Amino acid sequence: QVHLQESGGGSVRTGGSRRLSCSIFRSDGASGATCSHDMGWYRQAPGKARHYVADIDRDGVKGVASDLRGRFSISQNSAKSTIDLEMTALSPEDTTQYYCRVRWYDVCAHWPDTWGQGVLVDVSS
């Protein structure tokens, strides 16, 4: 019924910047959702745990993982259908798969979290 479209992955040199985007789409092709929701980014390297990166909650409150503050920032469009993750001063330690997640509230609160398929960010020296 709902899927996430992720974009912005790719290769970047150390010290460079990259912007990831995640958008909500319904099965009819329309974007967005009626229910309140949190949208965020997580990252996971092979064999490692998935870690929180940044999010914007249902009230528009922004959060960024403490170790990424100052380098990463997050924003959202007015329709709350898309989030952008701006990544700067990238290093090879940032190389991993990045996943978008939506958590649902209100009458959709029974829905499980929706996850994107992941995009690769490859930071080379």
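Keep in mind the model is a prediction, meaning the values are calculated, not measured.
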Participant: What's the spacing between K62 NZ and S75 OG if we round to 0.5 Å?
Facilitator: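 OG of S75 is found 6.0 Å from NZ of K62.
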
Participant: Please answer whether the main-chain N or O of D59 pairs with a side-chain N or O of D57 as donor and acceptor at a distance below 3.5 Å.
Facilitator: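 At least one qualifying donor-acceptor pair exists.
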
Participant: Are V107 and C35 side-chain neighbours, meaning at least one heavy-atom pair lies under 4.5 Å?
Facilitator: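 Yes, at least one pair of side-chain atoms sits under 4.5 Å.
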
Participant: Should V102 and D113 count as side-chain neighbours, where that means a heavy-atom distance under 4.5 Å?
Facilitator: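 No, every pair of side-chain atoms sits at 4.5 Å or beyond.
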
Participant: Between M39 and R101, is a side-chain contact (heavy atoms from CB on, under 4.5 Å) present by the stated rule, with each step listed?
Facilitator: CA-CA 6 Å; M39 296 187 71; R101 188 206 72 176; over 6 Å; no

Participant: What is the distance from atom CD1 of I56 to atom CD1 of I74, rounded to the nearest 0.5 Å?
Facilitator: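 Rounded to the nearest 0.5 Å, the CD1-CD1 separation comes out at 4.5 Å.
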
Participant: On the six-membered ring of W111, is R103 placed so that its NZ or CZ lies under 6.0 angstrom from the centre and within 45° of the ring axis?
Facilitator: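 No; the conditions do not both hold, so R103 does not lie above the ring face of W111.
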
Participant: Is D106 reaching over with its side chain to a backbone N or O of C108, donor-acceptor style, under 3.5 angstrom?
Facilitator: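 Side chain of D106 to backbone of C108, a donor-acceptor pair under 3.5 Å: no, none is there.
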
Participant: Between D94 and R43, does any NZ, NE, NH1 or NH2 come within less than 4.0 Å of an OD or OE carboxylate oxygen?
Facilitator: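 Yes.
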
Participant: Give a yes or no answer on whether the side chain of T82 reaches the backbone of N77 with a donor-acceptor pair at less than 3.5 Å.
Facilitator: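 Flag not set: sc T82 to bb N77 has no pair under 3.5 Å.
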
Participant: So, T114 versus W104: side-chain donor-acceptor pair below 3.5 Å or not?
Facilitator: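 Looking only at side-chain atoms, W104 and T114 do form a donor-acceptor pair, the distance falling under 3.5 Å.
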
Participant: Out of curiosity, L20 CG to D84 CG, how far, rounded to the nearest 0.5 Å?
Facilitator: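 Here the interatomic distance stands at 9.0 Å.
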
Participant: Do R19 and M87 touch side chain to side chain, with heavy atoms closer than 4.5 Å?
Facilitator: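 Answer no - side chains too far apart.
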
Participant: So, T96 side chain and A45 main chain: donor-acceptor pair closer than 3.5 Å or not?
Facilitator: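 A pair under 3.5 Å: yes.
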
Participant: For T88 and R71, indicate whether the former's side chain and the latter's backbone hold a donor-acceptor pair under 3.5 Å.
Facilitator: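 Yes, because the side chain of T88 sits within donor-acceptor range (under 3.5 Å) of the backbone of R71.
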
Participant: Over all heavy atoms of both residues, which pair between Q117 and E6 is shortest? Give the atoms and the distance, please.
Facilitator: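 Closest pair (atom of Q117, atom of E6, distance): N-OE1, 3.2 Å.
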
Participant: Parallel, tilted or perpendicular: which one describes the rings of Y98 and W41, with boundaries at 30° and 60°?
Facilitator: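 Ring orientation, 0 to 90° scale: perpendicular.
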
Participant: Return the CD1 to OG distance between I83 and S23, rounded to the nearest 0.5 Å.
Facilitator: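 Here the interatomic distance stands at 9.0 Å.
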
Participant: Donor-acceptor pair, S21 side chain versus S7 backbone, under 3.5 Å?
Facilitator: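 Not confirmed, S21 side chain does not pair with S7 backbone.
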
Participant: Going from OG on S81 to NE2 on H37, what distance comes out if it is rounded to the nearest 0.5 angstrom?
Facilitator: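 Here the rounded value is 7.5 Å.
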
Participant: Within the structure provided, determine whether Q44 and Y99 are in side-chain contact (heavy-atom separation under 4.5 Å).
Facilitator: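 Yes, side chains in contact.
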
Participant: Flag the pair Y52 / Y42 as yes when their ring centroid distance falls below 6.0 Å, and as no otherwise.
Facilitator: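 Aromatic pair counts; centres sit under 6.0 Å.
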
Participant: Report yes if some heavy atom in the side chain of S11 is under 4.5 Å from a heavy atom in the side chain of S124; otherwise report no.
Facilitator: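 Not touching, per the 4.5 Å side-chain cut-off.
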
Participant: Say whether, by atom type as modelled, one donor and one acceptor occur between the side chain of R18 and the main chain of V12 under 3.5 angstrom.
Facilitator: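 A pair under 3.5 Å: no.
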
Participant: Between CD of Q97 and CG of D122, what distance do you get to the nearest 0.5 Å?
Facilitator: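 Taking CD in Q97 and CG in D122, the distance rounds to 10.5 Å.
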
Participant: For the hydrophobic clusters of this structure (ILVMFWY residues joined by side-chain heavy atoms under 4.5 Å, transitively), does one cluster hold both V119 and W115?
Facilitator: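 As far as the 4.5 Å side-chain criterion goes, W115 and V119 are not connected within one cluster.
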
Participant: Is any side-chain heavy atom of L4 closer than 4.5 Å to a side-chain heavy atom of I24?
Facilitator: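 Yes, close enough: below the 4.5 Å cut-off.
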
